[in-house]
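These numbers come from the heavy atoms of this one structure, side chains and all, not from hydrogens, waters or symmetry mates.
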Amino acid sequence: MGYILYGAPGSGSGIVEAACAEIGVPCELRDLDARNDEHRGAAYAGVNPHRKIPTLESDTGEVLTETMAILVTLDERHREAGLLPPPASEARAQALRWLAFLASELYPLVEIIDYPERFAPSPEVTEPLRERAETMWRERWRVVEAQIAGTPYLLSSGFCATDLYITKLGVWVDAGFRKQHLPRIEALIAAVRTRPKLAAVWARHIR
């Protein structure tokens with residue numbers, strides 16, 4: 001089975017690209033010009049009506065969106081790669097718990113921080129909204145920091161796909177704050193960035 005991944009260098013699509021690299025499955029990359037909102041245009045809406053990236057298309061034409069759903073599906077279809085812990089295990093439950101936290105509580109704040117005007121009812125509240133989102137962003141990273149159980153990964157049982165998600169979002173945290181207040185996450189990011197299969201992915205997505 002092969003895939004087509006719609007994404008953009010430096011974007012969250014790096015999480016799915018890294019997962020495909022870990023699995024070792026063929027993945028054709030179709031980069032969009034996200035800085036000029038190509039993904040918000042009508043052409044891409046035909047692939048993903050929500051007009052966000054990433055989108056993963058299988059060689060059978062099946063379309064998957066939402067990074068968490070993509071990761072779980074890839075794990076189910078390529079169990080030999082061990083992208084997530086075994087079904088019904090305590091480790092898997094924790095991996096999914098924090099994967100959901102990252103997807104629902106952290107990632108949405110990125111859009112508010114970067115594009116507060118999309119959410120502000122009037123121009124005068126744009127900056128206060130962004131500042132509040134930035135504060136929440138840091139507070140929620142402290143929550144994740146306290147849950148790092150492995151050395152250096154999230155789980156004491158070792159690497160899993162949730163570590164990919166932490167790494168890609170974690171590099172968007174201010175480096176000074178991360179080094180001072182998130183030392184476990186800093187160590188996790190360093191370890192995931194040195195995984196041999198992921199060198200080419202991080203070269204595209206992390207500067």
Side-chain angles (χ1 to χ4, degrees), residues 1-32 34 39-40 43-111 144 147 150 153-155 157-172 188 192-193 195-202 204-206:
M1 177 175 284
Y3 298 96
I4 297 169
L5 176 61
Y6 295 85
S11 76
S13 66
I15 301 167
V16 175
E17 190 175 331
C20 289
E22 278 286 338
I23 293 169
V25 68
C27 184
E28 177 188 338
L29 303 178
R30 293 192 182 175
D31 288 339
L32 304 173
H39 60 299
R40 297 172 70 85
Y44 182 62
V47 179
N48 181 347
H50 193 39
R51 306 184 190 211
K52 289 193 174 184
I53 50 180
T55 297
L56 190 70
E57 183 178 345
S58 73
D59 52 15
T60 64
E62 176 191 41
V63 173
L64 292 171
T65 65
E66 314 313 315
T67 300
M68 179 177 175
I70 293 171
L71 292 177
V72 173
T73 300
L74 286 173
D75 173 69
E76 291 174 345
R77 295 181 179 176
H78 304 277
R79 278 299 306 148
E80 72 286 351
L83 201 58
L84 288 166
S89 66
E90 291 185 6
R92 187 181 184 90
Q94 292 304 309
L96 294 178
R97 172 192 179 189
W98 294 107
L99 194 58
F101 183 88
L102 291 158
S104 64
E105 299 293 334
L106 269 170
Y107 206 165
L109 291 173
V110 175
E111 186 176 9
V144 179
Q147 299 301 317
Y153 300 119
L154 171 68
L155 303 178
S157 56
F159 170 82
C160 71
T162 312
D163 296 312
L164 299 175
Y165 214 128
I166 292 173
T167 297
K168 190 64 192 76
L169 264 64
V171 297
W172 293 339
L188 184 153
V192 174
R193 290 187 67 177
R195 291 180 70 82
K197 293 181 180 180
L198 303 182
V201 177
W202 298 142
R204 276 171 40 82
H205 289 279
I206 298 179

Check: Is it true that Glu57 and Arg30 make a salt bridge, defined as a side-chain N closer than 4.0 Å to a carboxylate O?
Finding: no

Notebook entry, point to check: Do you know which two heavy atoms are closest between Ala19 and Leu83, and how far apart they sit?
Noted result: CB-CD2, 4.0 Å

Next item on the list: Could you please spell out the steps behind the side-chain contact (heavy atoms from CB on, under 4.5 Å) verdict for Lys52 and Thr65?
Entry: CA-CA 8 Å; Lys52 289 193 174 184; Thr65 65; over 6 Å; no

Next item on the list: Would you tell me whether Thr55 and Tyr44 have side-chain atoms, one donor and one acceptor, within less than 3.5 Å of each other?
Entry: yes

Checklist line | Glu80 atom CD, over 12 foreign heavy atoms within 6.0 Å | finding: yes

Check: Are any non-hydrogen side-chain atoms of Tyr165 and Tyr107 less than 4.5 angstrom apart?
Finding: yes

Checklist line | Residue pair Arg79 / Pro87, side-chain heavy-atom distance below 4.5 Å | finding: yes

Next item on the list: Measure the CH2-CG distance between Trp172 and Leu109 for me, rounded to the nearest 0.5 Å.
Entry: 12.0 Å

Notebook entry, point to check: What is the minimum heavy-atom distance between Ser13 and Leu5, and which atoms define it?
Noted result: O-CD2, 3.9 Å

Margin query: For a 4.5 angstrom cut-off between non-hydrogen side-chain atoms, does Leu198 reach Thr167?
Written below: no

Check: Rounded to the nearest 0.5 Å, how far apart are CH2 of Trp202 and NZ of Lys197?
Finding: 14.0 Å

Notebook entry, point to check: Taking it one step at a time, do Leu71 and Thr162 satisfy side-chain contact (heavy atoms from CB on, under 4.5 Å)?
Noted result: CA-CA 9 Å; Leu71 292 177; Thr162 312; over 6 Å; no

Checklist line | Heavy-atom pair of closest approach, residues Ala95 and Cys160 | finding: CB-SG, 4.0 Å

Margin query: Nearest 0.5 Å, please: how far is CG in Leu99 from OG in Ser104?
Written below: 9.5 Å

Notebook entry, point to check: Do Val192 and Tyr153 touch side chain to side chain, with heavy atoms closer than 4.5 Å?
Noted result: yes

Check: Going by heavy atoms in the side chains, are Tyr6 and Asn48 under 4.5 Å from each other?
Finding: no

Next item on the list: Take Arg77 and Val25, measure what side-chain contact (heavy atoms from CB on, under 4.5 Å) needs, and give me the verdict at the end.
Entry: CA-CA 11 Å; Arg77 295 181 179 176; Val25 68; over 6 Å; no

Check: About how many Å separate CZ of Arg40 and CZ of Arg51, when rounded to the nearest 0.5 Å?
Finding: 8.5 Å

Check: How long is the gap from CG on Leu102 to CG on Leu164, to the nearest 0.5 Å?
Finding: 11.0 Å

Item checked: Ser58 to Thr60 - nearest heavy-atom pair and separation -> OG-OG1, 2.7 Å

Check: Between Asp75 and Arg92, is there a salt bridge with N-O shorter than 4.0 Å?
Finding: yes

Margin query: Restricting to side-chain contact (heavy atoms from CB on, under 4.5 Å), what partner residues turn up for Ala8, sequence neighbours left out?
Written below: Ser11, Ala34, Ile53

Item checked: Smallest separation among heavy atoms of Gln147 and Arg97, with atom names -> OE1-NH1, 4.3 Å

Checklist line | Check: Tyr3 and Leu74 side chains under 4.5 Å, non-hydrogen atoms | finding: yes

Note to self: Looking at every heavy atom in both Ala91 and Leu155, which two are closest together, and how far apart are they?
What the structure shows: O-CD1, 3.6 Å

